[in-house]
Asker: 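Input: one structure, supplied below.
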Number of protein chains: 2
Amino acid sequence: MTLAEENYLKAIYHLENQSSNDVSTNALAEEMQTKASSVTDMIKKLAEKNMVSYIPYQGVSLSKAGRAYAVKVVRKHRLWEVFLLEKLNFSWDEVHDVAEQLEHIKSEKLTDKLDEFLGFPKVDPHGDPIPDKDGNFEKIDKTSLADAKEGSTYLCVGVDDSSNDFLKYLDANHISLGTTIKIIHKEPFDNSVKIKFNNVELVVSENVAKNLFLTAV
Amino acid sequence: MTLAEENYLKAIYHLENQSSNDVSTNALAEEMQTKASSVTDMIKKLAEKNMVSYIPYQGVSLSKAGRAYAVKVVRKHRLWEVFLLEKLNFSWDEVHDVAEQLEHIKSEKLTDKLDEFLGFPKVDPHGDPIPDKDGNFEKIDKTSLADAKEGSTYLCVGVDDSSNDFLKYLDANHISLGTTIKIIHKEPFDNSVKIKFNNVELVVSENVAKNLFLTAV
DNA sequence: AAGATTATTTAGATTTGTCTAAACTTTTAA
DNA sequence: TTAAAAGTTTAGACAAATCTAAATAATCTT
């Protein structure tokens, strides 16, 4: 598997987890920041390698082998994120770009030794589960802040949008994994949410609310 | 710089350190395990980028920028080797292939944080010096076992041939960095050397002797 | 259900890094 | 001091991954 192929598998995996339909060419092009025609070419190659099943005009979905491969890449990505944050003291918004590179290093031994070195972490710094050596992982039950109940208290367990700007926003406002958040008020007019944490009140936009994941306490 | 370009720079750097002449196309082809014509193509590209100076039929040499770049790659390679050996408990012969991949990760922050995490090591597991952030490193004075004086005692500080087979041979015979070695006898007939370390005597071939580096105690 | 719009694929071109085979330099050796 | 050998470069081709533009299929609209 080349670097480009790995990135496509990861992107398909990601999109499959967002809706239960087959992944469309355009959606994949958007995710990969490339053109639809390039996507068609690559999909055909992956289909030849039996990593995806593909019906022209119908979209693409991962085969068993393709999913297993994608999970391995995801495992590596998330392990490296933990390493960068915990061992090298990277900040939340800095880990992603470097992990994007490190996830392609090919050495099962490296991955497993790294896992061990980190103490077999179950989740990464964004709150996403880390698959184990066999590709198994716990589904973490989380609701977005946008879906949270007024008056209830939650724990921040993850973020969806991994853009630097969003992570910097969270850093700047001192929201991180493990922060306890109480929902003070949900404003129906613009779907903004007033929350309270560390004895500070903050109003966040709908956009932020949708990308911040919580679990009930 | 692409991955291929980085590998060429590193190879040229390596060859420049073995003899003071310009690096020939064939030597580079041998080092890169590729064809001379491919080398010529790549050299031209590197010359365009001012990473090497190149005169057709005369060979190639690194420019200042090229050398600085090569040293950065070498720095990363050697830091990762230390990481793999010290933190992840890889064995001597396993580190090289993985470090070959890791050395291409592009993030100055990662390199410097890794350096710090490892305690700013001065040498890698093969006894080669690790350049600091500014590319400076101490020249380590070492003689090969083949050139060592009969009767003298030395410290093992490095290896030249990084082939797996050689490293496995050393592992199997319990020779590692830091091993104290006394030269018992040099056999003029076949240039083999009888050495003593950890109270064990061992005869090594000329080939081994040439690839094992020592420093006087 | 036909035309318009949107989504997708195909055809042909481009870049990177490689190759083989042929041409050309340089070096070696008679 | 030339002819052969060795070393190097050029020309032309190829695979990977991408692009633009054109063609084709699917879906929406009325």
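Every value quoted in this text rests on a predicted model; they were computed, and no experiment measured them. Proteins come first, then strands; the chains are lettered A, B, ... in the order of their sequence lines, and each starts at number 1.
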Asker: Return yes when atom NZ of A:K122 has more than 12 non-hydrogen atoms of other residues, nucleotides or ligands closer than 6.0 Å, and no otherwise.
Answerer: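 No, because the 6.0 Å sphere around NZ of A:K122 holds 12 heavy atoms or fewer from other groups.
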
Asker: What is the distance from CD of A:E30 to P of C:dT6, rounded to the nearest Å?
Answerer: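 For the pair A:E30 CD and C:dT6 P, the rounded distance is 17 Å.
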
Asker: Do the rings of B:F83 and A:F117 sit parallel, tilted or perpendicular, given the 30° and 60° boundaries?
Answerer: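 Ring orientation, 0 to 90° scale: perpendicular.
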
Asker: Does D:dT8 have OP1 or OP2 sitting under 4.0 Å from an N or O in the side chain of B:N26?
Answerer: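 It does, given that an N or O in the side chain of B:N26 lies less than 4.0 Å from OP1 or OP2 of D:dT8.
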
Asker: To the nearest angstrom, how far is A:E5 atom CD from D:dT18 atom C1'?
Answerer: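 Distance, rounded to whole Å: 14 Å.
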
Asker: To the nearest Å, give me how far apart CD (B:E48) and P (C:dT16) are.
Answerer: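 Taking atom P of C:dT16 as the reference, CD of B:E48 is at 11 Å.
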
Asker: Under 4.0 Å between a side-chain N/O of B:Y54 and OP1 or OP2 of D:dT9, yes or no?
Answerer: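 For D:dT9, OP1/OP2 do have a side-chain N/O of B:Y54 under 4.0 Å.
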
Asker: Report the distance from atom CD1 of A:I43 to atom P of C:dT8, rounded to the nearest whole Å.
Answerer: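 Spelled out: CD1 on A:I43 to P on C:dT8 is 9 Å.
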
Asker: Classify every nucleotide of nucleotides 19-25 of chain C by which part a protein heavy atom approaches to under 4.0 Å, writing B for the base, S for the sugar-phosphate alone and - for neither, in 5'-to-3' order.
Answerer: BB---BS

Asker: Please report the distance, rounded to the nearest Å, between CE in B:M42 and C1' in D:dT9.
Answerer: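 Distance, rounded to whole Å: 16 Å.
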
Asker: Checking A:K49 against A:Y69: charged group under 6.0 Å from the ring centre and within 45 degrees of the axis?
Answerer: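 No, A:K49 and A:Y69 do not form such a contact.
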
Asker: Before giving the answer on salt bridge (charged side-chain N to carboxylate O under 4.0 Å, His left out), spell out for A:K10 and A:E100 the whole-Å C-alpha distance, their side-chain angles and the decisive distance to 0.1 Å.
Answerer: CA-CA 11 Å; A:K10 203 180 55 149; A:E100 285 285 297; 2.8 Å; yes

Asker: What integer distance in Å separates A:D22:CG from D:dA26:P?
Answerer: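 A:D22 atom CG is separated from D:dA26 atom P by 15 Å.
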
Asker: What's the closest nucleotide to the side chain of B:P56 if the choices are C:dT9, D:dT9, D:dG7?
Answerer: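 Ranking C:dT9, D:dT9, D:dG7 by closest atom to the B:P56 side chain puts D:dT9 first.
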
Asker: Stepwise, does the salt bridge (charged side-chain N to carboxylate O under 4.0 Å, His left out) test hold for A:D128 with A:K142?
Answerer: CA-CA 10 Å; A:D128 295 311; A:K142 50 187 182 183; 3.1 Å; yes

Asker: Salt bridge check, B:D112 against B:R75: does any charged N sit closer than 4.0 Å to a carboxylate O?
Answerer: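 Yes, this pair counts.
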
Asker: When you get a sec, tell me which of D:dT9, C:dT8, D:dA16 is the closest nucleotide to the side chain of B:A36?
Answerer: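 Of the candidates, D:dT9 comes closest.
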
Asker: May I ask you to verify if any side-chain N or O of A:K44 is less than 4.0 angstrom from the OP1 or OP2 atom of C:dT9?
Answerer: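 No, outside the criterion.
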
Asker: Rounded to whole Å, how long is the line connecting atom CD1 of A:I55 with atom C1' of C:dT8?
Answerer: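 Atom CD1 in A:I55 sits about 14 Å away from atom C1' in C:dT8.
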
Asker: About how many Å separate CG of B:L28 and CG of B:D22, when rounded to the nearest 0.5 Å?
Answerer: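 That separation rounds to 12.0 Å.
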
Asker: Rounded to the nearest Å, what distance is computed from the CG atom of residue B:N21 to the P atom of nucleotide D:dG7?
Answerer: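 Between P of D:dG7 and CG of B:N21: 15 Å.
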
